[in-house]
Peer 1: 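Structure in structure tokens, see below.
Small disclaimer: the values here were computed from a predicted structure and weren't measured. Every heavy atom of this structure was used, including side-chain atoms; hydrogens, water molecules and symmetry mates were not.
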Amino acid sequence: MIELEGMPELIDPVMVAAFEGWNDAGDAASTAVAHLDREWKGEVFAALDAEDYYDFQVNRPTVWLDGGVRKITWPTTRLSVVRVGGDKPRDLVLVRGIEPSMRWRSFCNEILGFAHELGVEMVVILGALLGDTPHTRPVPVSGITSDPDLARTMDLEETRYEGPTGIVGILQEACTHAGVPAVSLWAAVPHYVSQPPNPKATLALLNRLEDLIGLRIPLGELAEDARAWQLGVDQLAAEDSEVAEYVQTLEEARDTAELPEASGEAIAREFERYLRRRDSGGPGGHATDGGEGTYLRDPAGGRTKPPMPPRPEPESGSPTDEERSGGKAGSDADEDREQPPAGDADGTGGRDGERDGSGRDDSRDRDDSGEGEGGAERPES
């Protein structure tokens, strides 16, 4: 551990964590934590020693110039604190970094040490996965826990998954064994448009987190970015008849599966969010794209020429039937992947593959960019 500042004294703290890499499809989870840090002006108070947990040939350090002086930024995991005021003030401890290359048990124990010392009441770990979900529908977000009591009291799914896992699954189980309530929130990212960023998935995670911890999260331009992203993908899909037909097939399957849920609890949850934002002076009264429903949303968003996302490249590591059933992927990097839900709120189906074949340089400063490889864990009920 490298402690940068003195340990702060916090009010009813909740720890929110996300890790770039396998559990961060479209960079949706790490971008969500970065958004919280930016909007609430987080103060970094500690960092984990990069020498202990990272293979620098996998996650390379970066060199940059500061007033003509060359400096090095090492890949690591940092902890910051944000103080949320209002009628019921509550502090958040934000954990943002890269999935470690080694010593996962020590890594989790170090994070839990901070949680115990700071009096953290609950740990929420954000993740994102690639799945068979259409970009035109609300992003499914599954809430998973290993604690039966927590599953019952907070209306979460109790995981029964067996198979390979990532750091999200390891940290959640470490919290459970240490007696710390822990929840993981998983957003499903369409596998046919997996390149980051994905503001719609990031927005869905933040909306679900807001419901879970009872805080109004300032969204900034994220809702508008999500609408523009969807319109941009609409235009790209319209240019390719095969893609358009495939998206229509996904839409029909999704609508059929979720027809019973289109009313009742989902609508009530969306309306409660609308009232909470109105009462707290939040922007507008529209439900935002990416939540559980779009019942109050204007799909046009007032944008006539949205920024176009990059054209999806063919997946070099597209999932096979064997991989979908939990088998090994076709590369060493995929050997230990866990398979999360396909992107349905009930935790069904899905497979993450290698994000793309773009060969992005891993030597960039991940701590500032919030980018990582797409990945997946299958939280199953």
Peer 1: Taking the side chain as every heavy atom from C-beta outward, state whether T133 and P140 have any pair of such atoms under 4.5 Å apart.
Peer 2: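 T133 vs P140: side chains touch.
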Peer 1: Not counting sequence neighbours, which residues clear side chain to side chain donor-acceptor pair (under 3.5 Å) with R103? List them please.
Peer 2: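 Checked R103 against side chain to side chain donor-acceptor pair (under 3.5 Å); zero matches.
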Peer 1: How would you list, by chain and number, every residue that makes a side chain to side chain donor-acceptor pair (under 3.5 Å) with E39, sequence neighbours excluded?
Peer 2: none
Peer 1: For F19, which residues count as a ring pair (Phe, Tyr, Trp, His ring centres under 6.0 Å) partner, sequence neighbours excluded?
Peer 2: F107
Peer 1: Applying side-chain contact (heavy atoms from CB on, under 4.5 Å), can you list everything that pairs with Q57, at least two apart in sequence or on another chain?
Peer 2: D55, R60
Peer 1: Rounded to the nearest 0.5 Å, how far does OH of Y192 lie from CG of L236?
Peer 2: 11.0 Å
Peer 1: Taking D24 for the side chain and A29 for the main chain, is one N or O donor matched with an acceptor at less than 3.5 Å?
Peer 2: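 Checking the backbone N and O of A29 against the side chain of D24, a donor-acceptor pair under 3.5 Å is found.
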Peer 1: To the closest 0.5 Å, what do you measure between CG (D211) and CG (L206)?
Peer 2: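 Rounded to the nearest 0.5 Å, the CG-CG separation comes to 11.0 Å.
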Peer 1: Do L250 and H135 come within less than 4.5 Å of each other through their side chains, counting heavy atoms only?
Peer 2: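 The answer is no, as the side chains (C-beta and beyond) never meet within the 4.5 Å cut-off.
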Peer 1: Go through E210 and R216 one step at a time and tell me if the side-chain contact (heavy atoms from CB on, under 4.5 Å) criterion holds.
Peer 2: CA-CA 6 Å; E210 184 180 72; R216 191 185 75 81; 3.6 Å; yes
Peer 1: With distance as the sole test, does H35 use its side chain to make a donor-acceptor pair with the main-chain N or O of P218 at under 3.5 Å?
Peer 2: yes
Peer 1: Do any N or O atoms from the side chain of D147 and from the backbone of A151 form a donor-acceptor pair under 3.5 angstrom?
Peer 2: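 Judged by distance alone, no pair lies under 3.5 Å.
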Peer 1: Checking side-chain contact (heavy atoms from CB on, under 4.5 Å) for the pair M122/I213: CA distance, chi angles, key distance, verdict?
Peer 2: CA-CA 9 Å; M122 182 170 65; I213 64 178; 4.1 Å; yes
Peer 1: With T145, which residues qualify under side chain to side chain donor-acceptor pair (under 3.5 Å), at least two apart?
Peer 2: none
Peer 1: Between R90 and D12, which heavy-atom pair has the shortest distance, and what is it?
Peer 2: NE-O, 2.8 Å
Peer 1: What distance separates E20 CD from T77 OG1, expressed to the nearest 0.5 Å?
Peer 2: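 Answer rounded to 0.5 Å: 8.5 Å.
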Peer 1: In sequence, state the C-alpha distance, the side-chain angles, and the governing distance for S30 and I98, and then conclude on side-chain contact (heavy atoms from CB on, under 4.5 Å).
Peer 2: CA-CA 9 Å; S30 58; I98 308 168; over 6 Å; no
Peer 1: Looking only at non-hydrogen atoms, find the nearest pair between P134 and P190 and report the distance.
Peer 2: C-CG, 4.2 Å
Peer 1: Mind checking whether P197 and D27 have side chains closer than 4.5 Å, heavy atoms only?
Peer 2: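 No; the side chains remain at least 4.5 Å from each other.
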Peer 1: So, do C175 and I111 sit near enough that their side-chain heavy atoms are less than 4.5 Å apart?
Peer 2: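 With C-beta onward as the side chain, the pair stays apart.
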Peer 1: R83 and side chain to side chain contact (heavy atoms under 4.5 Å, CB included): which single residue from I11, L10, L92 fits?
Peer 2: L10
Peer 1: Test N207 against V141 for side-chain contact (heavy atoms from CB on, under 4.5 Å), laying out the working first.
Peer 2: CA-CA 9 Å; N207 281 337; V141 178; over 6 Å; no
Peer 1: Looking at R254 and E251, is any side-chain nitrogen of the basic one under 4.0 Å from a carboxylate oxygen of the acidic one?
Peer 2: no
Peer 1: What's the shortest heavy-atom distance between R208 and D155, and which atoms?
Peer 2: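 Taking every non-hydrogen atom into account, NH2-O, 4.2 Å.
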Peer 1: Within a strict 4.5 Å, meaning less than it, do heavy atoms of the W229 and L203 side chains meet?
Peer 2: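 No; the side chains remain at least 4.5 Å from each other.
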Peer 1: Kindly indicate whether the side chain of I144, heavy atoms from C-beta on, has any atom under 4.5 Å from the side chain of Q172.
Peer 2: yes
Peer 1: Looking at every heavy atom in both P199 and L222, which two are closest together, and how far apart are they?
Peer 2: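 So the minimum-distance heavy-atom pair works out to CB-CD1, 3.9 Å.
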Peer 1: Indicate the atoms forming the closest heavy-atom contact of V193 with V189, along with that distance.
Peer 2: O-CG1, 4.2 Å
Peer 1: Just jot down the side-chain contact (heavy atoms from CB on, under 4.5 Å) partners of R152, sequence neighbours excluded, or say none.
Peer 2: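 For R152 the side-chain contact (heavy atoms from CB on, under 4.5 Å) partners, ignoring immediate neighbours, are D149.
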Peer 1: I'd like to know if the side chain of N23 and the backbone of V168 have a donor-acceptor N/O pair within less than 3.5 Å.
Peer 2: yes
Peer 1: Is a side-chain donor or acceptor of D37 paired with a backbone partner of V33 at a separation under 3.5 angstrom?
Peer 2: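 Not at all, since once roles are kept as given, no pair shorter than 3.5 Å links the two residues.
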Peer 1: Do L212 and V14 have side chains that get closer than 4.5 Å, going by heavy atoms?
Peer 2: no
Peer 1: Nearest 0.5 angstrom please: D132 CG to T249 OG1, how far?
Peer 2: 11.0 Å
Peer 1: Ignoring hydrogens, what is the shortest heavy-atom contact between G119 and P13? Give both atom names and the distance.
Peer 2: O-CG, 3.3 Å
Peer 1: Please round to the nearest 0.5 Å and tell me the distance separating atom CG of L94 and atom CZ of R78.
Peer 2: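 With rounding to 0.5 Å, CG (L94) is 14.0 Å from CZ (R78).
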Peer 1: Report yes if the side chains of L36 and V82 come closer than 4.5 Å at any heavy-atom pair, otherwise no.
Peer 2: no
Peer 1: Between atom CG of L219 and atom CD of E224, what is the distance when rounded to the nearest 0.5 Å?
Peer 2: 12.0 Å
Peer 1: Any sub-3.5 Å donor-acceptor pair from K200's side-chain atoms to V139's backbone N or O?
Peer 2: no
Peer 1: Name the residue from F56, W64, Y54 that meets the ring pair (Phe, Tyr, Trp, His ring centres under 6.0 Å) definition with W74.
Peer 2: F56
Peer 1: Side chain of T76, backbone of L48: donor and acceptor closer than 3.5 Å?
Peer 2: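 Yes, the answer is positive, given that a donor and an acceptor are paired below the 3.5 Å cut-off.
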